[in-house]
Q: 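Below are the structure tokens for one structure; questions will follow.
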Amino acid sequence: MRAEPSVLPLKLDSLSFVVRDTVLIDRISMMVRPQRRLFVLGPNGAGKSLLLRLCHGLITPTAGRIIWADPERAPRAQGMVFQRPVLLRRSVLANLIHALRLRGIGRRTARRRSEAALDRFGLRDLATRPARLLSGGEQQRLAMARAWVLQPQVLFLDEPSSQLDPAVTRLIENMITDFSAEGMTIVMTTHDLGQARRLADDVVFLHRGRLLESSPAESFFDRPSTAEARAFLDGELLW
Amino acid sequence: MGAFSAAFELIASGDPVLLEIIGLSLRVTLTAVLIGCLIGLPLGAMLALLRFPGRSGVVVVFNALMGLPPVVAGLVVYLVLSRSGPLGPLNLLFSPTAMIIAQAILILPIVISLTRSVIEDLWEEYREQLRSLGSSRLRAVPTLLWDGRFSLVTGILAGFGRASAEVGAVLIVGGNIAGHTRTMTTAITLETARGDLSLAIALGLILLAVTLTLNTGAYGIGQWGRRAAG
Amino acid sequence: MITCRHLVLGAAIALLPVAAAAQEGEYITVASTTSTEQSGLFGHILPLFEEETGIEVRVVAQGTGQALETGRRGDADVVFVHARELEEAFVEEGYGVERFDVMYNDFVIVGPGDDPAGIADAESAAEAMAAIAAAEAPFASRGDDSGTHVAELNLWEAAGVVPEGSWYRETGSGMGPTLNTASQMNAYALTDRGTWLSFQNRGELEFLFEGDEVLFNPYGVILVNPEMHDHVKAEAGQAFIDWLISDAGQEAIASYKVEGEQLFFPNANGAS
């Protein structure tokens, strides 16, 4: 689908993140392969969101390395959708245009591509509405559209549907499937195991900042190899 | 109460001297506010976003300058614009332009400091999202200024309030020349000194009305903006 | 981004009238004293001069010392003040070309209507001042080193009194504010006749003493020396001075009346 060379795979080499004396990410090594849907699972406080932020470059690791296949292009080849998206105090359309303009795209091209995105995601009717006044579901769909319009190779999603009702969650999931079908690599966290079962190709399982399992989704859900993962899948409280 | 009724008469009759004074005051202050904003908004936002050595010193200085006595600002502008000062050849002393400069200097620290505080708060909320979208801190300046527009109105209004109410600086650099640099506040000072209270009261009432109107308008815009833009 | 451009455009539009206002006809700047400005004299005579010559006169009203300083710095073309010694020094130092007599007015003593110090019948100004001090009646002083303040201090000296004590209040402000203060405190005050006559907020204060020769207050007008400041509009400034001391100017000064009373007495021809 994409003409430009892939920035993937992404390799994490013994990545750690320590705040004062608390180890939040503990020597994690793993790989993100192109065009897969990788789910980062684990109980609350395991370090899932933190891991995504480290990969995305929002936070600098205290030790270890993040190695992109093409480090030059990597920053512009990734996007992120947050649990609570921050939309600008302007119209839906202007939010999309702003994101494209930040990438140095010309005014007219940005407008054309933004309108195309509105059409594609059924947001056309909302184009002139103030983004901040949309419902939670509409806001997250706009955030997804904003991520998509930048055409990243990798999209990080941090619990994108945790605050949404089932109908909207379905819409978001469909969007993720579509993105993936276009060749976008997905790295996502969720605490909704059903969602992970529906969407994941691969799973990494974190517990207290450490990576305990890394396997194809099927084998993770059917035959977890650690006691912690089994307990997590059985819905037991873990900490 | 005679002075009050005379004041209302002056206002009602649209006294030309009165109108001229009001016109000049508004022109001077609004221009100064505009200049203060053109410089102060981007500068305040940059101060909020950029990290450089001595930054906290600069923040403290601008906070302190918010309390700069107008007469001191006036004196500095006077010395600079005086024929014997560095910018003397421009022949700006005792002109509306000199008053605009003095007022802009008074407004600037207010706009800078309030902008910095608004933008800092906004940056807390937007930082991850904007960095994820690939925005540098410098590039975030216009984005945040626009998104903070309804909060920034308060700072701009504070600047307007200070400029329109002050008398010390415009008196020194404007000279309170009748028909040329006489503003509402310097006229009030003069007329009070003359013991002619009716014109002073009329001007005071109008100054109050202008300030009230602008504040009401700005408050309305702020409320409307919060509703309309979230 | 559209908004930024609009802002700049708005700034340009807002500045236009200011720029336009700067391109006007010929004008001179005259540094004078607040008391002269507040007397209303300029409002009366300047339109006559402007009509005759087309030269606009912009009066900056300041304290006497400040007005001379404005001239020294070259920020005025003409100074028009009433402090003879200072004026002569100004010319001697080379800042002024020549001092011309223009007019004089006089100081009067005002005070509470019941006149507790009994100065209304005093023989001389010094005697009146001595009576005020002896009665320790409240007295409001300018206290600002203005011409009026200097005249007041000379009177105390002549009366052999060192003015101090709770009855002696220095306001550190102009004539009008000092009269406002005197009116509030029911105090005596030395004021120029002009300010007093046009002063509205008198309260209990009344006119009590006048006429002593020491109370005469001469005004001088001086062109700022173009050799010190080459931008001085010497020609227009001199035209203003020439007009002031001409028959037309002198008549204009004499014809200014407040409540039917003449405030300033022309003396350009050495009448005083």
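Predicted, not measured: the structure shown is a model, and the values here were computed from it. Per chain, numbering begins at 1; letters A, B, ... match sequence-line order.
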Q: C:Asp77 side chain to C:Ile28 main-chain N or O, any donor-acceptor pair under 3.5 Å?
A: no
Q: Taking C:Arg72, C:Glu37, C:Gln66, C:Arg202 one by one, which has the highest count of heavy-atom pairs under 4.5 Å against chain B?
A: C:Glu37
Q: Examine whether an atom of C:Thr70 lies under 4.5 Å from a heavy atom of chain B, and if so say whether it belongs to the side chain, the backbone or both; otherwise answer neither.
A: both
Q: Please name the pair of heavy atoms, one in C:His82 and one in C:Thr64, separated by the smallest distance, quoted to 0.1 Å.
A: NE2-OG1, 4.4 Å
Q: Ignoring hydrogens and angles, tell me if any N or O in the side chain of B:Asn215 forms a donor-acceptor pair with the backbone of B:Thr211 under 3.5 Å.
A: yes
Q: Among C:Thr178, C:Leu46, C:Val59, single out the residue with the greatest number of heavy-atom pairs under 4.5 Å to chain B.
A: C:Val59
Q: Which atoms of C:Thr195 are under 4.5 Å from chain B, going by heavy atoms: the side chain, the backbone, both sets, or neither?
A: neither
Q: Taking every heavy-atom pair that is under 4.5 Å apart, which of B:Pro42, B:Gly175, B:Ser82, B:Gly174 has the most such pairs with chain C?
A: B:Ser82
Q: Compare all side-chain heavy atoms of C:Phe264 with those of C:Asp192 and state whether any distance is below 4.5 angstrom.
A: no
Q: Which answer fits B:Arg149, side chain, backbone, both or neither, if we ask what part of it has an atom under 4.5 Å from a heavy atom of chain C?
A: neither
Q: Let me know if B:Leu79 has heavy atoms under 4.5 Å from chain C in its side chain, its backbone, both or neither.
A: both
Q: State whether the side chain of B:Glu166 and the backbone N or O of B:Val170 hold a donor-acceptor pair below 3.5 Å, judged by distance alone.
A: yes
Q: Looking at C:Tyr27, I'd like to know if the NZ or CZ of C:Lys233 sits under 6.0 Å from its six-membered ring centre while staying within 45 degrees of the ring's axis.
A: yes
Q: So what's closer than 4.5 Å to chain B heavy atoms on C:Asn180: side chain, backbone, both or neither?
A: side chain
Q: Let me know if B:Ser95 has heavy atoms under 4.5 Å from chain C in its side chain, its backbone, both or neither.
A: neither
Q: Tell me whether B:Thr154 contacts the main-chain N or O of B:Ser151 through its side chain, where contact means a donor paired with an acceptor under 3.5 Å.
A: yes
